[in-house]
Structures are given as structure tokens and as C-alpha cells.
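First the structure, in the form of C-alpha cells, and then the observations on it.
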Amino acid sequence: MEACLGSTSNSNKGTIVIDVPPYFDFEHCLTHLKRGDNDVLVTVHGHRVSKALDVNGVPMILELSSEASHGVEGNNQREPQPQSQLHATVYGLSHHRLASVDWEAAVRTEIDEWFDLQRDLRPFYAFAERDPILAPLAKRYSGLRIIGSSSLYHSLCWAIMGQQITMSFAATLKRRFVQQFGEYIEHDGERFYLFPRPEVVAKLTPEQVMPLQFSRKKAEYLIEVAVQIASGRLSKKQLIALNSFSDAVKQLTAIRGIGAWTANSVLMHCLRNPRAFPLADVGLHNAIKRLLKLEHKPSLAEMEQYGTRWAGWEAYATFYLWRSLDDEWG
DNA sequence: CTCCAGGGTACAC
DNA sequence: GTGTACCATGGA
């Protein structure tokens, strides 16, 4: 398999404008994306973020910016005004004409799912105002949305990779996995990788993944999930069709390597369920402990009470609490 | 050196 | 049904 899919062509591109909903702040989202310094899938330059996409077999690069012009490369420190629109520019490869697919609809959906743009956050902010923990978070990170992924396989893999280890080590594992088994596009002098396709990973053995410093179990989990998705036994469409949060958790946790934490993480980042709540998460515990200046991390029973208290918005509470770990709270 | 990281499994009892 | 060793590695 040739990993390089080709290079982008300047004569094969298109631009669309995206209207954004109330309570959307692109800069807060960019800050979150920049934090994952090791993430090879996403590149942030100044006020613009880029990544590779596959639209029905047609590879392309998506550049998303809050500014109309993309002329400025590198660090542009000028703060853009609060924006009501985003500008998306898409570049195709020289031998894959963009016009052969409905890239515009696909890109709109991709951006919606990436930044959770279909969620009406006005009720969340009204709710958060009255919650002692969420109020300062909602104020500080106003307009930050849950940054996720449209790909079920990507979400599952990222959650599995992140089990138990530090975020920086998890990011290293992901980078190695993507560069070893993913395809890439050359664009603007850089490589933009697509996450490895489940059909590719399904054919691997644990021995091929373990040299990247995955534990044998994690290697087995990634391959088994790939097999399930490649075979069609597991799909995003079918999980959505269940139309039941607990049934989705049940189906996911039936798979080896996926426990309650991983299932809730995926339901939050990919299925976009606002009630997803990985209540056993140590980062969540540490965030609460730090914000409330507690002596000890909250117990499981206390976490269940927080879940009840935040009912309906558990996922946003979790995401904002995770976000708070990157900042000082004096 | 020990303990902890955005956990989960496979055992024991 | 709860308790515990184990996984792989890096940083505090």
C-alpha cells in the first residue's frame, strides 16, 4: 500500500462560508486544538486549522478560518473580532477532481460534527449560570464547544489509546499509529494524515502494533474494534438508530477493551450525546478537586451526585472541567 | 525508589 | 458482587 495519496492542486479547490450559532468561539476551539501538540491529524497556523478528509473515497484538505483571507502564513497575532461566520477552503488532489463528489455538503457536515455546531448551547449557559462549579467555567470558556470527531473508529481508538496513561503519552501513541498505518496528503509542504482505515487495521496482528509501545491488550482492542467496524457489525449509524443512551453504552461495553469510561467518551465525542459522562475519569476528579480546593479527589458516590446535578449537560460539564486543567485557577 | 496518568480485564474469593 | 495484579511508559 502506498501511504502517500498525492499532493493538492491549487486549481482544484473551493470555498464555502459557514454560519455559526450563538455561543460559538472559534478562538477557544483553536486553543483546544493547539493543546494536542502531538496530534498529527490537525495543524493550527495562526487563526486557521487544517486537516485531511476523505469524502467517499476522494481525499482532500480542509482549511478552516475565522477570516475571509488566508494570505497570512505562520503566527498572525492579530486578534480577529468575534465572528459570526467561518470560511472553509477545500483543496483536492490533481487526479481527484473535487467536482466528482458533493464535497460542500460533506464539508458542512464534517465541520458541524467537529465542533458540535448543531447543539443549541443557550440552555446550557442559562443552566451553568446557576451552578457554582460551572459558572466560572462557562464565563471563562464561553463559546467553547466539545471538539469531537465524525469518525466512530477514530473516536474509539483515541479513547482506547488514552486508557490509563498520560495524555502526552497517549498523543505519542496516536501519532505513531497514524504515521505507521495511515495515508497522507502533501499540502503546503506538509503531510496531512488520515486516520488509519479500519479495513487496514483489521488485517494487522498485535505484533505489528506493539513495537509502537502499545501494550498487547491495547493492540488487540484496536484490531478487534477495526474488525467489528470493517465487517459492519458496529457502525455509527446503527448506534444512532438505537435511539437510547443506555443501549448504546450496552452495545459498546460488550466489546472487549471498551468499558464505561471509553463508551461515554465516544458517546460524547462522536455520537454527540450531551448526557455522556465518564464519571470515573481521573482528569475529571482532579479538575473538581482543584477548582473546589478539596483535600481529596471526589468519591464515586460524589461523582454520581454531580451527574444528577448536571443532568442533561454532563458532557459539557465534563469537557469544560477537562479544559480547566490546562489553566491556572488562582 | 514509588506513585500516578482522561481504564479495563481476568482472575481470585 | 467487591478486591487486586497486571499492563507499558514517562514524568513528578
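Only heavy atoms go into these numbers, but all of them, side chains included; no hydrogens, no water, no symmetry mates. Within every chain, numbering begins at 1; the chains are lettered A, B, ... in the order of the sequence lines, protein sequences first and strands thereafter.
With a 6.0 Å cutoff to the six-membered ring centre and a 45° limit on the axis angle, R275(A) does not count as a cation-pi contact of F245(A).
Separating the CZ atom of R175(A) from the C1' atom of dT9(C) is a distance of 14 Å, rounded to the nearest angstrom.
For T253(A), the side chain to side chain contact (heavy atoms under 4.5 Å, CB included) partners at least two apart in sequence or on another chain are V249(A), A263(A).
On the P atoms, dA5(C) is 22 Å away from dG6(B), given to the nearest whole Å. dA8(C) and dC3(B): their C1' atoms are spaced 15 Å apart (whole Å).
Salt-bridge annotation for K289(A) and E295(A): absent, with no side-chain N of the basic residue lying under 4.0 Å from a carboxylate O of the acidic one. A salt bridge is defined here as a Lys NZ or Arg NE, NH1 or NH2 lying under 4.0 Å from an Asp or Glu carboxylate O, and D39(A) with R35(A) fails to meet this definition. Comment: K51(A) engages E110(A) in a salt bridge, judged by a side-chain N to carboxylate O separation of less than 4.0 angstrom.
Within the 4.0 angstrom heavy-atom criterion, no nucleotide atom of any strand lies near A287(A). Residue contacts for T318(A): at a heavy-atom cut-off of 4.0 Å it reaches no nucleic acid atom on any strand shown. When heavy atoms are screened at a 4.0 angstrom cut-off, I258(A) is found touching the sugar-phosphate backbone but no base atom.
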Provide a list of protein-nucleic acid N or O atom pairs under 3.5 angstrom, restricted to nucleotides 2-8 of chain C.
residue	atom	partner	partner atom	Å
dA8(C)	OP1	R216(A)	N	2.1

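Evaluated for a side-chain contact (heavy atoms from CB on, under 4.5 Å) with L30(A), the options V44(A), L64(A), I147(A) yield exactly one hit, V44(A).
H296(A) and E302(A) form no side-chain donor-acceptor contact under 3.5 Å, judged by distance and modelled atom types alone. For S11(A) and S9(A), the side-chain atoms include at least one donor-acceptor pair closer than 3.5 Å.
The nearest heavy atom of DNA chain B to A260(A) and to K297(A) marks one nucleotide each, and the one closer to the 5' end goes with K297(A).
Nucleotides of DNA chain B lying under 4.0 Å from heavy atoms of chain A occupy a range whose first and last members, 5' to 3', are dA5(B) to dA10(B).
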